[in-house]
Amino acid sequence: MKNRANEIDFREVVNSWYLQNKRDLPWRRSSDPYRIWLSEIILQQTRIDQGLPYYLRFIKTFPTVFDLAEASEQQVLKLWQGLGYYSRARNLHYTAKEVAYEMEGIFPKSFSELKKLKGVGEYTASAIASICYGEAVAVVDGNVYRVLSRYFGVDTPINATEGIRYFKELATRVLDLEHPGDYNQAIMEFGAMQCKPQLPLCASCGLQISCVAFQLQRVDKLPVKLKKNKIKKRYFNYIVLLDHQHTLLQARTKKDIWQHLYQFPLVESNDNLSLDELTKKEDFLDLISGKSYDIRLFNPKVSVHKLSHQHIYTQFWIVELKEPIPNGIHRKNIREYPVPVLIANFVKDFGL
DNA sequence: AACTCGGGGTT
DNA sequence: AACCCAGAGTT
């Protein structure tokens with residue numbers, strides 16, 4: 001059973017810590033739901049340092065929800081390139097069009113209506129509703145899980161149904177009903193800067209005395225998270241077709257990573273391939289379809305692109321054709337296409 | 001309820 | 001190498 005006095009103490013310490021330590025971030029200078037929504041989508045599973053330049057570019061390119069709605073999906077994905085979790089960008093664009101064309105550019109004004117928007121879940125709906133409209137709904141993100149689990153000494157796993165429900169209730173209990181928007185940002189900022197995942201600043205923490213995890217020396221054990229699945233290895237052979245001025249890009253359409261981004265024609269295999277093995281593959285032969293070509297391996301040292309759940313071993317094969325590439329694109333236009341970082345790095349290194 | 005979706009920062 | 005990040009959608 002939790003101590004009511006501790007909960008009040010917790011709230012006040014967090015609020016006063018925030019007044020002293022909060023960063024001056026651009027979306028904190030506004031309560032425009034478009035800007036708050038945009039910032040929250042960009043920051044899903046993304047550190048502020050990584051998302052901030054994207055936010056600035058999006059606001060500059062698309063000052064209003066109408067500007068974003070009128071853009072092409074490819075333009076939105078291109079601006080999103082490098083941020084990852086690309087379905088966020090597609091949902092962002094979808095919702096911009098919905099708000100612009102079906103809601104007259106006005107965002108919904110309650111948690112429950114906001115949550116109906118594509119790409120807006122529990123967390124994001126709570127954030128927008130509390131920050132923009134003062135609705136008393138608690139956010140629960142990775143920071144909140146960490147701060148609450150440590151301070152109240154809760155070892156229920158945060159990524160299973162029971163823990164998700166428990167921490168939502170706890171977060172709601174300690175929410176500052178007078179200033180929910182500022183308080184929500186305060187507890188997240190506190191988690192990001194003070195109660196950090198590793199090497200938290202307990203020595204200078206105003207909550208140290210009443211922090212259960214600190215008193216029990218369990219800070220480094222909380223929060224508890226159930227095991228992650230292991231990393232899958234994949235082997236990609238990208239076929240970089242070249243004629244005088246062109247190359248070939250293809251969209252990724254399968255339900256897989258990088259859906260709707262572009263790449264060179266891909267031959268995926270179960271292991272690294274030699275030149276002989278590659279040139280016997282059906283996918284490769286279909287692509288070449290009897291044309292004469294010169295081929296060389298761009299990176300004899302296989303590059304490894306590491307994603308959260310996949311390690312992708314990649315070889316780039318440069319294939320020069322004497323005749324024009326069917327459906328090829330001008331090399332100079334390659335920058336118009338949204339591509340994974342793996343491809344962008346190659347384009348840069350190769351000098352395409 | 002478990003899986004999937006990126007890329008980068010911190011130890 | 002392991003863990004995490006202002007999570008959401010799908011199966």
Side-chain angles (χ1 to χ4, degrees), chain A residues 18 22-23 25 27-28 36-55 77 80-92 94-95 114-128 130-131 138-147 157-165 167-168 171 181-193 195-200 220-232 234 252 254-261 304-312 338-345:
Chain A
Y18 185 58
K22 75 173 195 177
R23 288 169 284 185
L25 300 170
W27 48 85
R28 288 190 177 146
I36 302 302
W37 164 71
L38 176 62
S39 73
E40 295 298 346
I41 302 299
I42 287 175
L43 293 175
Q44 286 168 7
Q45 289 293 287
T46 303
R47 291 169 197 280
I48 286 176
D49 289 343
Q50 186 185 5
L52 180 54
Y54 285 84
Y55 173 82
L77 279 169
W80 198 272
Q81 180 179 308
L83 246 196
Y85 287 163
Y86 296 94
S87 65
R88 287 185 294 170
R90 304 204 334 125
N91 290 338
L92 182 83
Y94 179 96
T95 293
L114 284 161
K115 195 171 178 303
K116 294 176 182 173
L117 300 175
K118 193 167 291 188
V120 176
E122 280 277 325
Y123 163 79
T124 304
S126 302
I128 300 171
S130 63
I131 294 170
V139 297
V140 185
D141 74 332
N143 295 304
V144 175
Y145 280 122
R146 185 170 55 256
V147 172
I158 62 172
N159 57 343
T161 306
E162 183 190 354
I164 293 169
R165 186 181 65 244
F167 281 99
K168 177 73 176 186
D182 285 338
Y183 167 82
N184 276 336
Q185 295 185 79
I187 187 173
M188 291 190 285
E189 187 88 324
F190 182 80
M193 299 179 65
C195 196
K196 298 183 295 178
Q198 297 161 293
L199 304 183
D220 61 335
K221 301 289 190 289
L222 295 173
V224 172
K225 202 168 183 177
L226 268 33
K227 66 167 199 308
K228 59 169 180 111
N229 6 341
K230 69 171 201 201
I231 293 172
K232 190 185 315 175
R234 299 177 72 174
R252 286 183 68 89
K254 285 180 289 192
K255 302 186 70 169
D256 194 356
I257 55 172
W258 305 328
Q259 203 177 1
H260 299 105
L261 271 60
V304 188
H305 188 70
K306 296 182 177 180
L307 306 179
S308 295
H309 297 97
Q310 301 183 23
H311 286 185
I312 302 174
V339 298
V341 165
L342 173 62
I343 300 295
N345 287 343

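Since the structure is predicted, the reported quantities are computational estimates derived from the model, not experimental observations. Side chains are part of it too, since the values below use all heavy atoms of this structure and drop only hydrogens, waters and symmetry mates. Within every chain, numbering begins at 1; the chains are lettered A, B, ... in the order of the sequence lines, protein sequences first and strands thereafter.
Not counting sequence neighbours, the partners of A:Leu52 by the side chain to side chain contact (heavy atoms under 4.5 Å, CB included) test are A:Pro26, A:Trp27, A:Leu56. With sequence neighbours left out, A:Lys221 forms a side chain to side chain contact (heavy atoms under 4.5 Å, CB included) with A:Arg218. In this structure A:Phe167 satisfies the ring pair (Phe, Tyr, Trp, His ring centres under 6.0 Å) test together with A:Tyr145, sequence neighbours excluded.
Among the protein residues, A:Gln259 comes within range of no part of the nucleic acid, since none of its heavy atoms lies under 4.0 Å from any strand.
Of the possible polar contacts, none joining the A:Asn184 side chain to the A:Ala127 backbone as a donor-acceptor pair under 3.5 Å is found.
Counting only N and O atoms by type, the side chains of A:Arg234 and A:Gln310 include a donor and acceptor under 3.5 Å apart. If you check the side chains of A:Asn143 and A:Arg146, you find a donor sitting under 3.5 Å from an acceptor.
Distance noted for atom P between C:dA6 and B:dT4: 24 Å (whole Å). Comparing C:dT10 with B:dG6, their P atoms sit 14 Å apart, to the nearest whole Å.
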Which pairs of donor and acceptor atoms, one on a side chain in residues 117-124 of chain A, lie under 3.5 Å apart (sequence neighbours left out)?
unit_1: A:Glu122; atom_1: OE1; unit_2: A:Lys168; atom_2: NZ; d: 3.3
unit_1: A:Tyr123; atom_1: OH; unit_2: A:Glu40; atom_2: OE1; d: 2.7
unit_1: A:Thr124; atom_1: OG1; unit_2: A:Gln44; atom_2: NE2; d: 3.0

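Both A:Leu226 and A:His309 lie close to DNA chain B; mapped to their nearest nucleotides by heavy-atom distance, the more 5′-ward contact belongs to A:Leu226. Nucleotides of DNA chain B nearest to A:Leu199 and A:Val339 differ in position, and the one nearer the 5' end is that of A:Val339.
Running 5' to 3' along DNA chain B, contacts with non-hydrogen atoms of chain A at under 4.0 Å begin and end at B:dA1 to B:dT11.
Between A:Ile158 and A:Val224, the closest side-chain pair of non-hydrogen atoms is not below 4.5 Å.
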How would nucleotides 2-9 of chain C be written as a contact map, 5' to 3', with B for base contact, S for sugar-phosphate-only contact and - for no contact, using protein heavy atoms under 4.0 Å? -SBBBBSS
